[in-house]
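First up is the structure itself, then whatever we jot down about it.
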Amino acid sequence: NGNVGLRFTSPTVSTVGGSMGMAFSYNSQSVVQHGLLGTYYDARPQSSGSPAEFTFTDKQPVLTRVDPELNFSWGDGSPGPAVPTDQFLARWKGVITPDVAGAYTFGVVQDDGARVILEPQNGPASTVINRWSAQAGGPNWADQATTLSGPMGITVEYFEQGGGATFQLWAKNAAGQAFVVPSA
């Protein structure tokens, strides 16, 4: 199930106040990991001659991991051994929390397509960046700022068509300071 559990106890010794011993317990799923859960998919066509489809429909993950920040320059490589160097998809989900409440504008550096969807706790999800076509460059900023006062759900989607692969998620605060987004 992906969980490692370990427990052991030491021998006990007699003391004036009674028996004494130690116990140790470890559960790998209780370890807190900071980052967004990244799920990577093979988007190569199932039959030769067919174009790659950059949709998540009917795709099975080939790699899942927690990425502490979205700041990648894979070049002609890939995110991992099971992920092809070209024609792959990635979806990151999780929560971001600003250090300081305020208005933030999100941006992406991408080669190739990218989307950023914010999911407030008490409201509908909204796509703040939709650059879902083969293009490179950036940072490419959202049209408007989003006010963050606490944790907010986020989904970021990316596809790599071919050639060099790059993706970064950026934010810019009201003072104009831009930075790569770490997660909560």
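One distance of note links CG of Asp99 with CZ of Phe179; it measures 7.5 Å at 0.5 Å rounding. To the nearest 0.5 Å, atoms OG1 (Thr146) and CG (Leu118) are separated by 5.0 Å. Atom-to-atom distance recorded for Asp111:CG and Trp74:CH2 is 10.5 Å, nearest 0.5 angstrom. Rounded to the nearest 0.5 angstrom, Gln161 CD and Phe54 CZ are separated by 5.0 Å. How far CG of Leu89 is from OG1 of Thr39: 11.0 Å, rounded to the nearest 0.5 Å. Remark: Phe167 CZ to Asp112 CG distance equals 12.0 Å, nearest 0.5 Å.
Of all heavy-atom pairs spanning Val62 and Ala82, the tightest one is O-CB, 3.3 Å. Closest approach of Ser78 and Thr85 over heavy atoms only: CB-CA, 3.8 Å.
At least one donor-acceptor pair under 3.5 Å links the side chain of Asp86 to the backbone N or O of Gly163. With Thr166 contributing its side chain and Gln110 its backbone, the two residues share no donor-acceptor pair below 3.5 Å. Of the possible donor and acceptor atoms, none in the side chain of Asp67 sits under 3.5 Å from a partner among the backbone N and O of Glu69. Checked by atom type and distance alone, the side chain of Asn140 pairs as donor or acceptor with a backbone atom of Gly137 at under 3.5 Å. Side chain of Ser126 to main chain of Val128: no donor-acceptor pair is present (N/O by atom type, distance under 3.5 Å, no hydrogens or angles).
A donor atom on one side chain and an acceptor atom on the other are found under 3.5 Å apart for Glu119 and Thr155.
Between Leu70 and Val181 the shortest side-chain heavy-atom distance does not fall below 4.5 Å. A 4.5 Å side-chain heavy-atom check between Pro45 and Gln87 finds at least one atom pair inside the cut-off. For the pair Val83 and Asp42, the minimum side-chain heavy-atom distance is 4.5 Å or more. His34 places none of its side-chain heavy atoms less than 4.5 Å from the side chain of Pro68.
Partner of Glu157 under the salt bridge (charged side-chain N to carboxylate O under 4.0 Å, His left out) criterion, chosen from Arg115, Lys93, Lys59: Arg115.
Taking the six-membered ring wherever Trp is involved, the centroid distance between the rings of Tyr41 and Phe56 falls below 6.0 Å.
When hydrophobic clusters are built by joining Ile, Leu, Val, Met, Phe, Trp and Tyr residues whose side-chain heavy atoms come closer than 4.5 Å, directly or via intermediates, Val109 is not grouped with Val116.
Geometrically, Arg91 does not engage Tyr158 in a cation-pi contact, judged by NZ or CZ lying under 6.0 Å from the ring centre and within 45° of the ring axis.
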Review point. Should Trp141 and Lys172 be marked as a side chain to side chain contact (heavy atoms under 4.5 Å, CB included) after you check the CA-CA gap, both sets of side-chain angles, and the distance that decides it?
Key: CA-CA 9 Å; Trp141 299 101; Lys172 183 171 31 176; 3.7 Å; yes

